[in-house]
Amino acid sequence: MGRFATGKENPLFMNPADIIRKAVAGEPLEESEKTLLAGLRFDPESTETELNRLKEELAGVTAERDDFRTRFEGMAFRGKIAEIADKHRFVDRDYLAYLARERQVAVDDSAETERFMEGLRGEYPRFFRVELTPGAGSPSGDAPPSSGFRRDSAGEIARMIADAPGVGNL
């Protein structure tokens, strides 16, 4: 057979539940199975203590899993809110998240999100950034805005004083 015993010869590979079923059914047990059963001791108090410990551990792991799931869902929601805010130029992401939760908007549904954002645009226009373009009198292109005064000429200031009404009589 080989160097190591496997299957029925080695108690490490035997399933105690199968052996117990076999013994309860009245079937004859092999010597290795009898040895394994003799080594099994069931202490009701320690079994109950172990069972309680395992229940507590399971409750802790379940709570931890639920906490991680909640955090993940929160991060996914916040990420989706950030995308929506950027797309629609909404300035306050926290307020958008609040409104989406309050109105129970499915942020993964693009059609529902579009309707929600259009409603907000009419209801709260101040929360939306608008694209402003320069109007009449604004410099065209990338020219820097002018202040209206020329700072490079002292003569310009003297000319303005001279042209002021009533100054010529002084």
Side-chain angles (χ1 to χ4, degrees), residues 1-135 138 141-142 144-145:
M1 167 164 241
R3 202 167 154 187
F4 298 104
T6 60
K8 292 184 178 182
E9 299 85 24
N10 188 338
L12 294 175
F13 292 103
M14 289 188 244
N15 185 348
D18 292 339
I19 298 170
I20 293 171
R21 272 192 227 108
K22 191 175 176 183
V24 169
E27 297 178 24
L29 299 176
E30 296 183 20
E31 197 58 42
S32 59
E33 294 172 330
K34 290 178 184 177
T35 305
L36 180 66
L37 280 180
L40 296 176
R41 300 279 187 255
F42 296 104
D43 179 14
E45 288 181 23
S46 66
T47 303
E48 187 69 27
T49 303
E50 181 68 10
L51 184 60
N52 288 337
R53 184 189 69 76
L54 290 173
K55 284 180 181 178
E56 288 175 11
E57 187 175 324
L58 178 62
V61 170
T62 302
E64 188 175 333
R65 180 209 56 204
D66 293 344
D67 181 49
F68 283 128
R69 179 178 290 148
T70 302
R71 287 182 187 190
F72 175 76
E73 289 170 354
M75 288 188 303
F77 177 78
R78 300 294 282 175
K80 194 67 177 168
I81 288 291
E83 286 177 25
I84 293 168
D86 291 346
K87 178 181 176 185
H88 293 276
R89 304 176 59 82
F90 196 86
V91 296
D92 191 346
R93 290 178 180 178
D94 292 332
Y95 190 54
L96 182 60
Y98 165 76
L99 290 173
R101 281 191 185 111
E102 180 186 77
R103 297 177 186 187
Q104 299 176 349
V105 176
V107 294
D108 293 327
D109 182 0
S110 61
E112 185 176 345
T113 302
E114 290 296 323
R115 285 190 302 274
F116 171 65
M117 293 307 292
E118 286 305 313
L120 288 182
R121 187 176 300 280
E123 199 174 343
Y124 301 108
R126 69 180 175 273
F127 286 107
F128 290 85
R129 285 190 304 269
V130 293
E131 188 71 32
L132 298 178
T133 56
S138 299
D142 294 332

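The nearest pair of heavy atoms linking E112 to A106 is OE2-N, 3.2 Å. Between K22 and P28, the closest heavy-atom pair is CE-O, 3.1 Å.
By the 6.0 Å contact criterion, CD on Q104 is open, its count of non-hydrogen atoms from other residues, nucleotides or ligands being 12 or less. Heavy atoms from other residues, nucleotides or ligands lying under 6.0 Å from OH of Y95 number more than 12.
Within the model, atoms OG1 of T70 and CE of M75 stand 11.0 Å from one another, a figure rounded to the nearest 0.5 Å. Expressed to the nearest 0.5 Å, how far OG1 of T113 lies from NE2 of H88 amounts to 7.0 Å. To the nearest 0.5 Å, atom CG of residue L29 and atom CD1 of residue I20 are 10.5 Å apart. Within the model, atoms CG of N52 and CD of E48 stand 5.0 Å from one another, a figure rounded to the nearest 0.5 Å. Note: R115 CZ to S110 OG = 9.0 Å, rounded to the nearest 0.5 Å. R65 contributes atom CZ, which lies 11.5 Å from atom CG of D67 (distance to the nearest 0.5 angstrom).
Ion pairing of D66 with R71 is absent here, as no side-chain N (NZ or NE/NH1/NH2) approaches a carboxylate O to less than 4.0 Å. Between K80 and E83 there is a salt bridge, since at least one side-chain N of the basic residue sits less than 4.0 Å from a carboxylate O of the acidic one. Here R69 does not pair with E64 in a salt bridge; the nearest charged N to carboxylate O distance is not below 4.0 Å. The pair R53-E56 does not meet the salt-bridge criterion, since no charged nitrogen lies less than 4.0 angstrom from a carboxylate oxygen.
Within the 4.5 Å cutoff, the side chain of R103 has heavy atoms near those of the L120 side chain. Contact annotation: the side chain of R121 never approaches that of F90 to less than 4.5 Å [non-hydrogen atoms, C-beta and beyond]. Within the 4.5 Å cutoff, side-chain heavy atoms of L99 are placed close to those of F116.
Using a distance-only test at 3.5 Å, with no hydrogens or angles considered, a donor-acceptor pair links the side chain of E33 to the main chain of E30.
With sequence neighbours left out, F77 forms a ring pair (Phe, Tyr, Trp, His ring centres under 6.0 Å) with no residue at all.
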message = With side chain to side chain contact (heavy atoms under 4.5 Å, CB included) as the criterion, how do K34 and I19 come out once you've worked through the C-alpha distance, each side chain's angles and the decisive distance to 0.1 Å?
response = CA-CA 9 Å; K34 290 178 184 177; I19 298 170; over 6 Å; no
ask   = Where do D94 and R78 land on the salt bridge (Lys or Arg N to Asp or Glu O under 4.0 Å) test, with the steps shown first?
value = CA-CA 9 Å; D94 292 332; R78 300 294 282 175; 2.5 Å; yes
